[in-house]
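Below: the structure, in structure tokens.
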Amino acid sequence: MRRGDEKFPDNGFEAWGGYMHAKIAKLEEQFSARAGTEDIITNIFNGVSIYVNGFTIPSADELKVLMTKHGGIYHTYQRSDDYIIASNLPDTKVKNMSLVKVVKPEWITDSIASNRLLDYRDYLLYKNSRTQRQLNFKKVLKNDNSSLSETKNFNCEAGSLFPNEIQNTLLGENNLGDITMHKNETESKPIPNDPLPSTSNTVLLEKSKENNISVDLNQHKPSTVAKTAADPNFISEFYNNSRLHHISQLGACFKQHVNDLRENSNFLFPAREDLKKSILAKYDYNNFSQLKFEKNKVIMHIDMDCFFVSVGLRNRPDLRGKPIAVTHSKGGQGRPKRPGVDRSTEFGLYKQKQMKKLGIATGKPEDEIVFETRVDNITDEDDKYGSMSEIASCSYEARAKGIKNGMFMGAALRLCPNLETIPYDFDGYKEVAYTLYNTIAQYTLDIEAVSCDEMYVDCTELLADMNVNVQSFASMLREEIKRKTGCPCSTGFGGNRLQARLATKKAKPDGQFFLTEDLVEDFIFEIKLSDLPGVGRQTAQKLESLGHVTCGSLQTLTLATLKCQLGIKTGAQLFDQCRGRDPTPLTFHTVRKSVSAEVNYGIRFENENQCIEFLKQLSAEVHSRMQQFKVIGKCITLKLMVRDEEAPVETAKFMGHGFCNVINKSTSLSTATNDVEIITREVISICKKQNIDPKEMRGIGIQVTKLELINSKPSKGSISKFLTNNKVVKKETEVKSELNTDSKMFEVAESIKKPVTNESYGSTSPKKSPVAKRRGRPPKSMKTQLSSTKNAMSKFLQGQNVTRDLPYKDPMIRDVPKEVPHNIEQPRPKGLIGLPWDKVRELLRAWLESGQSPLQCDVDMIVAYLQEMVVNKNTEKLFVLMNFLRRMTKEIGRNDWLKVYDHVTEQVQNAMIAVYGKRLFISD
DNA sequence: ATCCTCCCCTAC
DNA sequence: TAAGGTAGGGGAGGAT
């Protein structure tokens with residue numbers, strides 16, 4: 001029995017498909033004419049079928065659209081007669097395949113541009129022999145004067161999946177490794193008020209017609225290298241090479257990417273059908289048992305295996321299976337000790353500090369505390385184990401020897417003398433990450449981005465919709481990711497995010513694990529506390545000193561004890577975690593709360609001027625980021641790292657910060673700003689007050705918090721005002737009398753003290769294209785713009801033909817337990833989606849005035865439409881429609897219609913909470 | 001009680 | 001040589 005049956009009893013009218021269906025059939029005709037014109041433009045690719053392998057520009061999704069529009073065929077899985085479109089292939093693949101039809105994506109784009117099918121042989125990725133690779137690059141090398149903002153900031157524009165990326169190059173055996181590749185400057189936007197105007201002279205290497213061309217690129221390398229922060233190019237140089245900076249930027253970039261995808265999606269996932277077909281073709285379902293997860297939720301955690309290493313190994317198959325580390329250091333060469341270095345003193349200070357901390361935390365005498373540090377294996381000698389270059393990522397073979405991420409190269413070499421190193425490939429990480437995210441996004445957008453190589457995915461709806469079992473889904477998905485990226489990944493499944501995450505750890509490397517309900521209790525018992533997310537070095541050591549190393553052991557402590565030992569929140573979290581519980585829902589939409597920039601490397605000033613000059617530059621950097629994210633802020637914090645008086649002047653790590661004291665000082669402004677002058681002034685003022693010898697500075701950071709969106713009008717009428725939390729809703733309803741006009745109802749409460757946080761900061765959606773404007777739809781990337789429109793429309797049309805057989809009832813509704821309101825559980829029926837909101841209002845009015853009893857299928861359609869508005873952030877019109885519905889149902893005053901209103905409201909608010917974390921303010 | 005500032009911790 | 005960033009959660013303790 002359908003859940004809705006009780007609420008909306010069938011009165012016999014439903015057999016006709018419902019009132020709404022009949023009505024919209026007419027509207028649909030208007031659209032069908034338009035949709036048709038967008039279908040096929042030319043027949044250039046008549047009879048041509050392609051299969052896209054790996055990362056390409058345009059992306060596979062974009063190529064799919066292009067092929068469809070120009071009469072060609074796109075295959076998700078490779079067929080024998082397909083042209084293989086690729087920009088690069090891992091050597092392993094090259095060895096095992098025929099290359100006669102491996103063609104560069106430019107074949108497609110150039111053919112479209114010249115409106116005829118060009119000879120594919122001119123676009124072969126490999127010609128004649130496998131070793132003769134065609135160089136195909138159009139690339140900009142920058143010289144030493146280039147502006148920093150052009151090179152270090154990632155660009156996450158939704159307009160193209162990978163807009164500023166360099167053309168993929170085939171370096172092959174040519175050793176061009178130490179040349180820095182940069183984005184094409186012609187695509188970089190000038191940043192207004194940028195205090196560092198671009199003075200870069202660029203060298204454009206035009207595409208060569210020759211094979212095996214040899215260009216002496218070394219002559220373009222920077223002639224001088226910025227050594228310390230006193231050098232004007234230092235920030236740029238440093239950020240370009242900083243792994244942590246890249247990790248952080250990429251993380252933020254993909255959180256935004258998910259925001260953008262959700263914002264621009266119609267939440268139809270045609271790729272599900274393809275996947276389902278290949279699963280059915282490949283797997284015998286009898287081999288799989290039906291897995292049951294806690295609370296019937298299926299949360300997937302997905303994580304690339306030793307990400308940086310895997311990406312680096314795509315071009316170095318010869319190194320597979322060996323102990324590998326990604327690091328700046330070449331490794332192996334001993335270096336004479338810098339004068340003044342006193343590692344033992346410096347490391348001693350670190351140890352002392354840690355000991356003191358633990359002594360306070362545990363109440364033990366300091367000499368009883370035993371602990372390890374990562375400097376334990378580093379000596380003061382100028383031998384080959386002295387490198388303090390950090391390992392960003394290491395292969396599983398290296399891990400087997402005890403090497404860990406973050407370890408110093410010297411210590412690692414001591415553990416594994418034959419450890420091989422590979423350089424960073426920051427562009428590669430971004431490519432692979434995009435492919436990863438876009439692959440998942442084909443199937444669902446219930447994604448919480450964690451970092452560039454890791455995310456949580458709520459698969460509950462997806463799996464129910466596809467009606468496939470989770471094992472085969474996991475296998476096919478991982479296969480697809482490996483095929484597209486050339487990198488392995490692991491997935492874990494559980495009933496909540498903690499379980500999924502722990503399952504991934506178990507699955508690694510290159511595996512999958514399903515932590516089903518029946519396994520949780522035993523599984524969690526053995527888990528080490530230090531493996532729990534949120535439990536780092538300090539917490540783990542503290543817990544160990546309390547006598548607990550595993551979750552099972554910690555289960556003996558009461559909630560009160562844990563809270564007392566670790567604080568209220570942390571204690572409660574740990575109490576849950578060690579039992580495998582995790583009440584925190586996935587968050588699909590993130591809102592930025594701070595912007596900061598800091599440099600704790602290479603800070604060596606000779607005088608105050610240099611320090612002030614650096615503060616100006618760093619302020620400019622923060623200002624530039626604030627512009628990028630479109631925020632202003634009220635609170636400015638300066639962070640200073642100052643050499644501890646006992647620490648040696650020369651640090652153990654070259655240009656490192658050494659043993660320091662940290663100072664944080666902040667100012668609160670009366671009004672939010674992103675003015676570079678104000679930031680600079682405040683920051684310099686704070687710095688001067690500290691009275692620190694510039695020679696002793698080792699690190700500087702600037703952070704801006706209490707953010708507001710630029711252009712968010714604090715006055716009434718702003719969209720932000722519709723969004724408010726429950727608390728405020730209550731308060732306001734008490735105060736406000738019933739409002740009758742739509743416009744008046746826009747006045748919504750807002751917490752006065754809290755900054756506006758309803759919209760994602762730093763949305764990088766492109767300007768609306770003329771097409772998008774004409775349709776009145778949100779801006780979309782090329783991919784979503786074309787495919788979604790087509791799909792929405794064509795599915796809409798199809799839907800009409802089968803209306804009577806398939807009323808818009810969703811089986812999911814009855815399957816999903818009601819107590820999980822965090823996510824939008826229902827796949828959206830297609831009926832109304834795509835219609836202008838005012839048309840829908842007319843339909844609503846007609847429906848409400850029809851005198852009929854409401855039908856479930858019509859209600860579902862309305863709900864789907866309104867939820868789509870939430871997702872598209874069309875809150876303004878949503879607000880109008882909701883209030884319209886409220887007023888109309890009240891006027892009718894019949895119980896069944898009032899129930900409809902309650903039901904719709906509940907569904908819309910669920911969507912609001914999922915997307916914004918807040919409820920829509922509705923007058924009652 | 002609740003806020004603010006200045007930390008500390010964690011994660012990637 | 002080496003590139004030790006950045007955002008968010010939370011706690012202690014003082015101001016309101």
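Just so we're on the same page: letters track the sequence lines, and every chain starts at 1.
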Quiz item: What's the NZ-P distance between A:K593 and B:dC4, to the nearest Å?
Solution: 14 Å

Quiz prompt | A:K634 NZ to B:dC3 P, straight-line distance once rounded to whole Å | solution = 15 Å

Quiz item: Taking everything shown except A:I568 itself, do over 12 heavy atoms lie less than 6.0 Å from its CD1?
Solution: no

Practice problem: Look at all strands and tell whether A:G567 reaches a base, only sugar-phosphate, or nothing, counting heavy atoms closer than 4.0 Å. | Solution: sugar-phosphate

Practice problem: With heavy atoms under 4.0 Å as the rule, sort A:G571 into base, sugar-phosphate or nothing. | Solution: nothing

Quiz item: Is A:R698 near enough to C:dG4 that one of its side-chain N or O atoms lies under 4.0 angstrom from OP1 or OP2?
Solution: no

Quiz item: Counting only side-chain N and O atoms of A:H245, is one of them less than 4.0 Å from OP1 or OP2 of C:dT6?
Solution: yes

Quiz item: Taking the six-membered ring of A:Y396 as reference, does the NZ or CZ atom of A:R399 fall below 6.0 Å from its centre and within a 45° cone about the axis?
Solution: yes

Quiz prompt | Centroid under 5.5 Å and tilt under 30°, A:H657 to C:dG4 | solution = yes

Quiz item: A:Y239 side chain: which of C:dG4, C:dA2, C:dG5 is closest?
Solution: C:dG5

Quiz item: Where the side chain of A:K653 meets the backbone of A:M388, is there a donor-acceptor pair that is under 3.5 Å apart?
Solution: yes

Exercise. May I ask you to evaluate whether A:N600 reaches the phosphate of C:dG5, defined as a side-chain N or O under 4.0 Å from OP1 or OP2?
Key: yes

Exercise. Salt-bridge test for A:D303 and A:K508: reply yes if a basic N is under 4.0 Å from a carboxylate O, no otherwise.
Key: yes

Self-check item: Atom-to-atom span, CZ of A:F654 to C1' of C:dT1 - whole angstrom
Solution: 5 Å

Self-check item: Length of the CD1-P vector between A:I568 and C:dG9, whole Å
Solution: 17 Å

Quiz item: For A:Y424 and C:dA3, is the shortest distance between a side-chain N/O and OP1 or OP2 below 4.0 Å?
Solution: no

Self-check item: A:F308 six-ring face occupied by A:R243 cation (under 6.0 Å, within 45°)
Solution: no

Quiz prompt | Sequence-aligned protein contact record of nucleotides 5-12 of chain B, with B where the base is within under 4.0 Å of a protein heavy atom and S where only the sugar-phosphate is | solution = SSS-SSSB

Practice problem: Starting from C1' on C:dG4, measure out to CZ on A:F234 and report it in whole angstrom. | Solution: 11 Å

Practice problem: For C:dG4, take OP1 and OP2 only and decide whether either is under 4.0 Å from a side-chain N or O of A:S242. | Solution: yes

Quiz item: Out of C:dG10, C:dG4, C:dT6, which nucleotide sits closest to the side chain of A:A597?
Solution: C:dT6

Quiz item: Hey, do the aromatic rings of A:F659 and A:F347 have their centres closer than 6.0 Å?
Solution: no

Quiz item: Taking C-beta and beyond as the side chain, do A:Y424 and A:H328 meet within less than 4.5 Å on heavy atoms?
Solution: yes

Quiz item: Counting only side-chain N and O atoms of A:R592, is one of them less than 4.0 Å from OP1 or OP2 of C:dA7?
Solution: yes

Exercise. Specify the separation, in whole Å, of atom NE2 of A:H328 and atom P of C:dA3.
Key: 6 Å

Quiz item: Once you round it to whole Å, what is the distance between C1' of C:dG4 and CE of A:M409?
Solution: 18 Å

Self-check item: Phosphate OP1/OP2 of C:dT1 contacted by A:K227 side-chain N/O (<4.0 Å)
Solution: no

Quiz item: Considering the options A:V683, A:N664, A:I702, A:V704, which one meets the side chain to side chain contact (heavy atoms under 4.5 Å, CB included) requirement together with A:T637?
Solution: A:N664

Practice problem: For A:Y601 and C:dT6, give me the distance from atom OH to atom P, rounded to whole Å. | Solution: 16 Å

Practice problem: Report the residue (A:T570 or A:G656) whose heavy-atom-nearest nucleotide on DNA chain C is the more 5′ of the two. | Solution: A:G656

